[in-house]
Amino acid sequence: MGVNIRDIIPDQARREVDLKALKGYVIALDGYNMLYQFLSAIRQPDGTPLKDSQGRVTSHLSGLFYRTINLVEEGLKPVYVFDGKPPEMKRKEIEERVARKKEAAEKYAKAKESGSIEEARKYAQATSELSSDMVSEAKRLLDYMGIPWVQAPADGEAQAAHLAQKGDAWAAGSQDYDSLLFGAPRLVRNLAITGKRKLPNKDEYVEVKPEIIDLNAMLKALGITREQLILLGILVGTDFDPDGIKGYGPKTALNFVKGVKDVTKALESIKSQLPGDVDPFKIFDYFAKPPVSSDYRILFKEPDVEKIKELLVREHDFSEDRVVKAAERLAKAFKENLRGKQSRLDMWFG
DNA sequence: CGTGCTCT
DNA sequence: AGAGCACGG
């Protein structure tokens, strides 16, 4: 589920903003991460996702369609980045995910049997799995909407970080923090979930706003380099060494890496504390110089309302009224906010 | 997650 | 304008 460094992000390096503040910025969104959030969240009370008349899941398309339109209406310029082939060293994490989903599926069946709706929903969400067909249809929808997407050779967060480093995007957008380890100068969180949200099991509402994290401000405030940040990630655990090293949470790991002068020596010293098949040097290199592609172009086009209708209404039984209305909003927003508009690239944190 | 309606 | 709720596919 990505590297967990939430607890050490310094306040000086983060800023909560309104969506409006992101007007004019290209943001390289982690497509898989976004689709997963929609698939997990857009469900009936008992956990059933939205489906078309043939039983195919459509929650991810609904979320992607309406959310992207709202982002574009606010003037944000989204580019979706999709994962390619995961590296071999991610196998353990992927296997563990499969096991977690299987377990969730069993608990879901039990909860449904016992009539516990809320439990059922919780476990149904945890079974969420994106198929390659679902990703392909999301790409098709983006094509029809005129929203660009980029295919990553490997990790999508690495590719998003690459776009941001090259200045083709202002920031990476994801709920996970990995893009910071991959060198993204800025990370924007909460772009799939902005607005008032009910807290689970509570009668309380919180306002969720986009959160910007600035890599340089973060490294400066923590007093570490990006190399030390990657080392920190390996200590607490990444998708490539999911358990990390016993005894190291983010804070302990921060203290440790602050004392590290020679990263090579540090990697050598932690090697023996990791499972035999986990090579910290390989993980370090993967974050420091990940496989990325420069063969992409970011072009915002006029939406094709007929094609959108064909996909969502004809093929997937969306309501024609709603789809046409939303597509027209998108066409208007394209003309006002995207067509011929220059992207903003200015900095925020000095 | 979102839209869209009702009620205040 | 904004909260609450039903429903979308």
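Lettering follows sequence order; numbering is per chain, from 1.
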When every non-hydrogen atom of A:Asn190 is compared with those of A:Pro210, the smallest separation belongs to CB-CA, 4.1 Å
Using a cut-off of 4.0 Å on non-hydrogen atoms, how would the nucleic acid contact of A:Ala192 be classed: base, sugar-phosphate, or nothing? sugar-phosphate
So, for A:Phe240 and A:Tyr286, is the gap between ring centers shorter than 6.0 Å? yes
A:Trp170 ring center near A:Tyr25 ring center (under 6.0 Å): yes
Tell me what A:Gln37 touches on the nucleic acid: a base, only sugar-phosphate, or nothing, going by heavy atoms under 4.0 Å. nothing
Walk me through it: do A:Lys166 and A:Asp168 pass the test salt bridge (charged side-chain N to carboxylate O under 4.0 Å, His left out)? CA-CA 6 Å; A:Lys166 299 245 298 185; A:Asp168 292 323; 5.0 Å; no
What is the distance from CZ of A:Phe318 to P of B:dG4, rounded to the nearest Å? 14 Å
Measure NE2/A:His316 against P/B:dG2 and give the value in whole Å, please. 20 Å
Strictly below 4.0 Å: does A:Arg43 bring a side-chain N or O up to OP1 or OP2 of C:dG9? no
For A:Arg322, which contact category applies under a 4.0 Å heavy-atom criterion: base, sugar-phosphate, or nothing? base
Can you name the ring-ring contact (aromatic ring centres under 6.0 Å, His included) partners of A:Tyr248, sequence neighbours left out? A:Phe256
Please report the distance, rounded to the nearest Å, between CD1 in A:Ile42 and C1' in B:dG2. 6 Å
Roughly how many Å is it from CD in A:Glu73 to P in B:dT3, rounded to a whole number? 8 Å
Between C:dG8 (P) and A:Leu312 (CG): distance, integer Å: 16 Å
Where along residues 46-64 of chain A does a heavy atom come under 4.0 Å from DNA chain B, residue by residue in number order? none
What is the distance from CD of A:Glu320 to P of B:dT3, rounded to the nearest Å? 18 Å
Check the distance between B:dG2's P and A:Leu35's CG and give it to me in whole angstrom. 14 Å
Measuring from A:Ser59:OG to A:Leu50:CG, what's the distance to the nearest 0.5 Å? 4.0 Å
Using the ring of A:Phe349 (Phe, Tyr or Trp, six-membered ring only), decide whether A:Arg15 places NZ or CZ under 6.0 Å from its centre and within 45 degrees of its axis. yes
Rounded to whole Å, how long is the line connecting atom CG of A:Leu71 with atom C1' of B:dG2? 12 Å
